[in-house]
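What follows is one structure encoded as structure tokens, with my remarks underneath.
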Amino acid sequence: MFVILLSSYSNKKIQILITPEKMNEVKRKVKNGYPIGELKNELLAAGYTKEEIAKCFEIHKADMRSWYLFFGTTFFIFGIGLIVIYENILMLVAGVILLLLYFKESKSKENI
């Protein structure tokens with residue numbers, strides 16, 4: 001009975017948690033041109049789970065909301081002046097589009 005318990009325990013895969021130091025090392029290797037596929041295979045062989053490996057390769061997406069708001073407002077105000085002087089609505093439309101992008105990004109950030 002005791003032997004069976006030990007053998008069933010030894011068959012279980014031990015989960016290793018990835019440390020921030022290891023994540024930084026992986027990011028540094030990728031930055032230096034090391035192939036991502038080989039890195040993933042090395043981490044899998046070392047005992048890391050696919051979820052932990054995916055954390056190392058997450059892509060950082062820049063937050064552009066402040067730029068959308070600033071340029072959208074600027075283009076909108078400038079566009080109103082251009083309508084009065086030159087009867088041209090191009091700048092006003094660009095401002096409205098940027099403001100719409102700002103509100104769309106704000107809503108998506110709230111849902112996260």
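- Taking NZ of K55 as the reference point, atom CD of E51 lies at 8.5 Å (rounded to 0.5 Å).
- The shortest heavy-atom contact between Y102 and R65 is CD1-O, 3.1 Å.
- Linking Ile, Leu, Val, Met, Phe, Trp and Tyr residues whenever their side-chain heavy atoms come within less than 4.5 Å places M64 and L98 in a single cluster.
- Residues I53 and L44 are in side-chain contact: their nearest non-hydrogen atoms beyond the backbone lie under 4.5 Å apart.
- Y48 is connected to V30 through a chain of hydrophobic side-chain contacts under 4.5 Å among Ile, Leu, Val, Met, Phe, Trp and Tyr, so both are in one cluster.
- Judged as a salt bridge (charged side-chain N to carboxylate O under 4.0 Å, His left out), not a single pair has a partner in residues 37-46 (not counting sequence neighbours).
- Under the 4.5 Å side-chain heavy-atom criterion for ILVMFWY residues, a single connected hydrophobic cluster contains both F70 and F78.
- Across F75 and G95, no two heavy atoms sit closer than the pair CB-CA, 3.6 Å.
- Nearest approach of I18 to C56, heavy atoms of both residues: CD1-SG, 3.2 Å.
- Within the model, atoms CD of E21 and CE of M23 stand 11.0 Å from one another, a figure rounded to the nearest 0.5 Å.
- Residues I89 and V96 fall within the same hydrophobic cluster, defined by Ile, Leu, Val, Met, Phe, Trp and Tyr side chains chained together at heavy-atom separations under 4.5 Å.
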Next item on the list: Decide side-chain contact (heavy atoms from CB on, under 4.5 Å) for I83 and M91; before the verdict, give the C-alpha distance in whole Å, the side-chain angles of both, and the deciding distance to 0.1 Å.
Entry: CA-CA 9 Å; I83 286 177; M91 192 65 72; over 6 Å; no
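- Considering only heavy atoms from C-beta on, L82 stays 4.5 Å or farther from L92 through its side chain.
- If you chain together hydrophobic residues whose side chains sit under 4.5 Å apart, L90 and F76 never meet in one group.
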Note to self: Is there a side-chain contact (heavy atoms from CB on, under 4.5 Å) between L99 and Y68? Walk through the geometry before answering.
What the structure shows: CA-CA 6 Å; L99 288 172; Y68 289 151; over 6 Å; no
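- Here E105 does not pair with K109 in a salt bridge; the nearest charged N to carboxylate O distance is not below 4.0 Å.
- Residues R28 and Y34 have side chains not in contact (no heavy-atom distance under 4.5 Å, counting atoms from C-beta outward).
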Notebook entry, point to check: Yes or no on side-chain contact (heavy atoms from CB on, under 4.5 Å) for K29 and N32, after CA distance, side-chain angles and deciding distance?
Noted result: CA-CA 5 Å; K29 283 184 177 182; N32 290 336; 5.8 Å; no
